Amino acid sequence: MAFTITLAHFCDKHGPRSIMCTQTTELSQMDQSTLPDFSKESYCKSCLLIYPKSTKGENVTTLRTEDTKTNHAFVSTQYSAIKFRVLNSIVRKCLSEEATIYDSKPMFFGDENRGYSMTQSFKIKDLEARGSERRYSFIVNCDQEHQVLENWDLIKDSILVMIEYLQKSSLKIELENSKNHEIYLRGKVQHSKSLIEMLKDDELFLKLHLWNSKLLRKLINK
Amino acid sequence: MLGRLFNNRSNEQLNSHQNSSINICHTMNNMNSLNTGNNIIEDLNSRTILYGTSNPILPININLSKFRLFIIQDKGELMVKNNFKIYYDSNITTTNNGTTTNKNKIDYNIFQFLEIMFGNSIHHDFQSNETIKIHNLESLQFTLISKHFNIKLSNQKKNLKFAIGLIIPCSIDLISTTITPNWQTIIHYLSIFQSIFIKNHLLNYNNYLDISIFYKNFIKNLKNLIITPRLLPGLNFINNNFFLKKWCFEINNWIEIKDGSKPCLVNGSKFLLTLLTIIQTVKYQLINNNSDEFIRIIIMASNSMVATKLIFILNGILPFNLKINQLNDGNIELKRDTTTTTTTNPISTGTHNDNQYHPPSPPTPHPMKKGWEIPKTPSKSITTPSLMTPCKSLIIQPNSSTNSSIPTSNSMSYLSSSLSSSSTNSSSTIFSNSLTRGFQYLQNWKNSTNNGNTGDVISSGSSFKTPSPGLEYDDYPWNSNHNGSINNNISNGYSTGSNMNTMNNNSIKFKKIELNSLNIKRSTTTLFKINNNISKNGIEGKDKFSQEFNDLMNSDIDYNYNYDSSKSVSILEIPFDDEDQEDSEDKDYDYKKLPKLCGYVQDYLPDFHIQACPNSQDLESKIISSMKNSLTQFNKSKTFLISLRIREIKEIQLTKNDEKRYTSSIRKIYYNSKPNLNYLNQDNYTKIEILFEKIRNLFKQDENDEEINKIRDYLKNL
Ligand SMILES: [Zn+2]
């Protein structure tokens with residue numbers, strides 16, 4: 001059983017991209033899933049995994065939570081170094097090959113080569129984005145079909161609460177911003193923008209990592 | 001981007017149909033609706049002991065007429081209007097003169113979701129030849145399952161893209177109770193449709209009768225899988241003694257009454273011992289069919305109550321992790337059922353004061369009935385000894401006379417004739433390659449329906465209705481008088497009266513084990529989320545997640561900086577914030593799929609591993625046919641066919657030799673009152689013998705929870 005959870009984004013500049021991929025590894029092998037520093041040239045703020053300002057200068061590339069009870073570690077990185085090709089192709093499939101509906105409802109697809117994925121896609125309103133919205137998808141992938149299907153509700157609900165939170169909070173912040181006069185200028189200029197900016201939360205990705213780790217831990221425990 | 005335009009368009013299309021969407025949830029009273037009970041005989045007693053709930057099991061309502069199957073080609077011609085070609089649509093019947101008619105009035109057009117199903121045509125998915133997808137089309141309240149495959153024809157350059165779409169009229173909430181527990185069956189049939197299509201219809205246009213037949217068969221099987229309540233195994237392992245006591249009690253009863261054991265006097269027959277040895281040997285294959293063998297335990301019985309008790313006994317040793325210590329937390333109610341009457345005859349504790357119970361029709365006359373008085377009305381009386389009473393003292397002797405409705409020789413010959421369709425007796429052609437599997441299916445299917453009429457018709461007749469509860473229909477051929485020569489030494493020594501006395505001695509203890517009601521939340525196919533994911537303030541399920549996530553988002557995250565110098569990686573270590581609390585919590589968040597085991601059903605159900613059903617003329621042919629079908633997915637297909645009337649256990653086995661051939665064998669594991677020990681696993685036989693010994697001892701002394709717990713421990717390690 002090898003579940004991964006990917007937060008993917010259809011970047012206005014770069015197309016379908018993995019922002020954060022959370023994987024499960026055994027404690028003894030956890031150093032293999034860390035990610036060495038990589039060139040950020042082909043990334044923009046929209047599609048980059050951004051760490052808190054306090055860690056600046058440290059070149060952090062990896063988030064990790066160890067769980068001695070299950071003897072596993074949960075590791076989040078910009079993309080999975082181990083399953084890069086497979087997950088990259090799944091991200092593309094989810095965000096551009098499939099006719100995705102961004103309604104946060106689950107969709108499922110899979111084959112023998114790339115495993116089986118439940119995806120939940122959603123939009124976040126942002127006047128500074130193309131079409132005034134940014135598109136994301138959570139992709140939970142596993143090599144075993146029945147593992148995804150038999151944990152359908154656990155996965156679906158666990159992902160859905162993240163989506164609902166992100167949409168609700170970003171909307172609230174957007175409304176507050178729109179009270180400013182800036183609104184006049186905004187909407188005319190398109191910027192790449194990170195989720196941490198839209199949510200005004202420096203530690204957003206750390207929290208999403210922790211939540212994903214909890215889901216992965218539950219899936220192991222079953 | 002074009003892709004985005006496309007996506008938006010699909011979205012709008014869907015929304016525009018929202019108003020006219022069919023509301024499947026409100027078609028519950030439709031004739032086509034599914035509900036439990038058509039094929040299932042159940043009453044409060046059976047429900048409690050087999051399914052873990054005294055409440056009627058919630059029916060899953062799906063409108064059968066809203067299912068739809070279609071086969072489509074995506075021609076990949078983006079600029080052409082008719083990019084999609086429909087090869088087959090179950091909603092359209094093509095008549096001989098080529099005109100088409102719509103079968104059902106359905107308010108949607110397939111084309112409206114083909115784009116969603118196939119995905120973005122600009123970005124071809126070259127990665128794989130076969131993909132499976134599930135889409136939830138919320139506005140139409142259905143689920144679309146599609147299997148996509150590419151075919152390269154020798155005379156063409158590019159791959160042709162096809163998909164088989166299957167619409168299941170259930171909304172997203174029902175996926176876990178209808179679709180995922182039956183996923184294997186759905187996938188299997190999609191493969192069959194695919195095979196038939198490629199073999200028969202890709203190049204030549206002809207009618208789709210073959211696919212239509214399989215489609216009907218599929219709907220029927222899926223319906224049965226959805227509506228038939230599945231057994232709940234594992235109740236013997238939970239920390240509540242009620243079930244285990246009840247179970248021991250029923251085993252003890254069976255040993256004494258059915259198998260005819262008398263303390264100190266007679267060693268009864270080894271029928272139950274043999275049967276449980278078999279179950280013990282194949283128990284893991286019954287619970288999850290991960291092996292390459294498909295096993296069926298089929299109990300032929302005309303008395304649903306006897307069959308129910310036997311199934312309850314068999315179910316008791318199946319390993320199934322219920323994970324419900326929660327029983328003790330009061331989340332699952334276990335309370336005394338006040339509607340139950342106590343009877344002194346423990347076997348007939350079945351109570352029928354449940355609303356769901358339908359009075360049985362008069363029992364079918366039986367050749368062996370003379371000499372016994374048959375009550376004219378169902379007996380609820382406490383004091384009237386049922387017909388059970390006299391027979392309990394006797395050794396059960398199979399009556400292999402011609403009076404038995406299915407003589408053994410007959411059924412043996414049936415199998416060999418049905419297997420010898422081509423070459424030899426032991427081996428015949430089943431399919432030449434994977435693509436013709438569908439044909440084998442078709443063939444088998446035809447055979448099974450042509451032989452002796454269809455099961456549906458038969459089941460509506462009165463001959464299979466439940467006999468009177470006071471009447472142990474399956475037993476009376478076993479009673480003394482006709483087999484007097486064998487049983488003389490014992491039967492003459494006992495009058496009915498003295499039997500009653502020995503019964504009463506036991507009943508003093510037995511009385512304590514009354515029917516209680518247990519209400520485990522479940523559907524026919526799954527256990528519902530067991531509510532241990534209720535937080536302290538009573539919020540459950542997704543709301544609890546939502547609250548937890550909000551708490552997390554509003555908290556400050558602990559993290560430490562770490563540098564892995566060997567890999568030159570900078571890591572933020574983020575410890576779990578909940579390591580103390582979280583342990584077993586949320587493990588049972590999901591619906592838990594129940595194995596395909598069921599109780600007494602009117603018609604044989606090929607997809608179930610354990611069941612009891614009435615014997616019928618075509619039962620064996622149906623069984624053999626389904627065993628052959630299993631060989632398309634498994635290397636071996638094995639059936640243990642148990643006849644309660646003649647006390648016989650037969651093992652029928654089909655083994656696949658290669659893609660074309662299989663070998664068959666039949667052997668009698670229990671016959672003529674004796675097990676054939678050569679065919680039984682000796683270790684397991686001994687284990688069950690010891691189990692029986694422990695249970696027998698339990699009833700020789702005063703009820704003792706410690707002893708019960710010892711039996712549980714023994715079962716856990718069985
Ligand atoms: Zn970007």
Side-chain angles (χ1 to χ4, degrees), chain A residues 31 34-37 51 55 58-67 69 89 92-93 96-103 105-114 116 131 145-146 149-154 157-158 160-162 164-165 169 201 203 206-207 209-211 213-214 217-218 221-222, chain B residues 3-4 6-7 10-11 14 115-116 118-120 123-125 127-136 138 172 175-176 179-180 183 529 541-542 545-546 548-550 552-553 556-557 559 561-562 564 566-579 582-583 586-587 589-591 593:
Chain A
D31 51 343
T34 56
L35 189 68
D37 202 12
Y51 299 92
T55 66
E58 310 281 12
N59 269 333
V60 172
T61 57
T62 303
L63 301 173
R64 185 163 74 192
T65 298
E66 292 174 31
D67 184 36
K69 272 185 198 163
S89 113
R92 271 204 318 275
K93 183 171 176 60
S96 67
E97 289 163 16
E98 291 298 328
T100 303
I101 304 168
Y102 292 84
D103 59 357
K105 297 283 190 305
M107 188 218 153
F108 173 88
F109 58 78
D111 58 64
E112 283 185 350
N113 303 325
R114 289 177 290 182
Y116 300 86
E145 184 180 40
H146 73 99
L149 292 173
E150 282 167 20
N151 292 298
W152 186 274
D153 287 80
L154 173 62
D157 287 348
S158 202
L160 189 57
V161 297
M162 286 197 278
E164 286 177 350
Y165 179 92
S169 299
D201 187 347
E203 295 176 347
L206 275 57
K207 292 168 181 171
H209 156 82
L210 203 54
W211 187 253
S213 302
K214 287 181 184 187
R217 179 179 60 182
K218 282 169 193 159
N221 274 329
K222 294 184 79 167
Chain B
R4 197 168 72 173
F6 176 81
N7 290 338
S10 332
N11 211 351
L14 273 182
E115 290 176 348
I116 293 167
F118 276 99
N120 194 335
H123 300 274
H124 276 292
D125 178 6
Q127 291 266 342
S128 81
N129 262 337
E130 274 192 11
T131 306
I132 192 92
K133 298 182 192 176
I134 305 175
H135 287 92
N136 283 283
E138 201 65 3
I172 194 166
I175 277 194
S176 295
I179 295 175
T180 59
W183 186 249
K529 302 168 188 178
K542 201 199 122 209
F545 273 176
S546 194
E548 283 173 3
F549 186 72
N550 273 293
L552 172 67
M553 295 308 281
D556 287 321
I557 298 290
Y559 53 86
Y561 173 73
N562 190 351
D564 181 344
S566 65
K567 298 248 170 186
S568 313
V569 175
S570 300
I571 301 164
L572 281 192
E573 304 277 7
I574 308 169
F576 275 127
D577 52 353
D578 58 359
E579 214 148 9
E582 179 118 9
D583 209 2
D586 292 321
K587 274 186 201 174
Y589 187 84
D590 268 88
Y591 296 87
K593 181 173 82 175

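Naming: A, B, ... by sequence-line order, numbering from 1 per chain. These numbers were taken from a predicted model, which means no experiment stands behind them.
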If I measure from the heavy atoms of chain B, does [X] come under 4.5 Å with its side chain, its backbone, both, or neither?
{"X": "A:H209", "value": "side chain"}
{"X": "A:L35", "value": "backbone"}
{"X": "A:T55", "value": "side chain"}
{"X": "A:D31", "value": "both"}

Margin query: Heavy-atom pairs under 4.5 Å with chain B - which of A:N59, A:D37, A:T61, A:L210 has more of them than the others?
Written below: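 Heavy-atom pairs under 4.5 Å are most numerous for A:L210.
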
Notebook entry, point to check: Which of the residues A:T65, A:D201, A:L160, A:T34 is involved in the greatest number of heavy-atom pairs with chain B at under 4.5 angstrom?
Noted result: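 Top option by heavy-atom pairs under 4.5 Å: A:T65.
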
Item checked: Note: A:E98-B:K133 ion pair, threshold 4.0 Å (strictly below) ->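 Result for this pair is yes, salt bridge flagged.
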
Note to self: Strictly below 4.0 Å, N to O, side chains only: are B:D577 and A:K207 in salt-bridge contact?
What the structure shows: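 No.
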
Margin query: Any heavy-atom pair between the side chains of B:D564 and A:T62 that's under 4.5 Å?
Written below: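 A side-chain contact under 4.5 Å is absent here.
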
Notebook entry, point to check: Would you call the rings of A:F108 and A:Y116 parallel, tilted or perpendicular, where under 30° means parallel and over 60° means perpendicular?
Noted result: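 Rings of A:F108 and A:Y116: parallel, as their planes differ by under 30°.
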
Check: Donor-acceptor pair, A:W211 side chain versus A:S158 backbone, under 3.5 Å?
Finding: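 Such a contact is found between A:W211 side chain and A:S158 backbone.
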
Margin query: Could you check whether any side-chain N or O of A:D111 sits under 3.5 Å from a backbone N or O of A:R114, counting only pairs where one atom can act as donor and the other as acceptor?
Written below: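 Judged by distance alone, yes, a pair lies under 3.5 Å.
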
Checklist line | Segment of B:Y561 engaging chain A (4.5 angstrom heavy-atom cut-off) | finding: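 For B:Y561, the contact with chain A is made by the side chain alone.
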
Checklist line | Segment of B:I175 engaging chain A (4.5 angstrom heavy-atom cut-off) | finding: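 Contact with chain A: side chain only.
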
Notebook entry, point to check: So which of B:L552, B:T180, B:N136 has the largest heavy-atom pair count under 4.5 angstrom toward chain A?
Noted result: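 Highest number of pairs under 4.5 Å: B:L552.
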
Check: CD of B:E130: more than 12 outside heavy atoms within 6.0 angstrom?
Finding: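 Count over threshold, so yes.
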
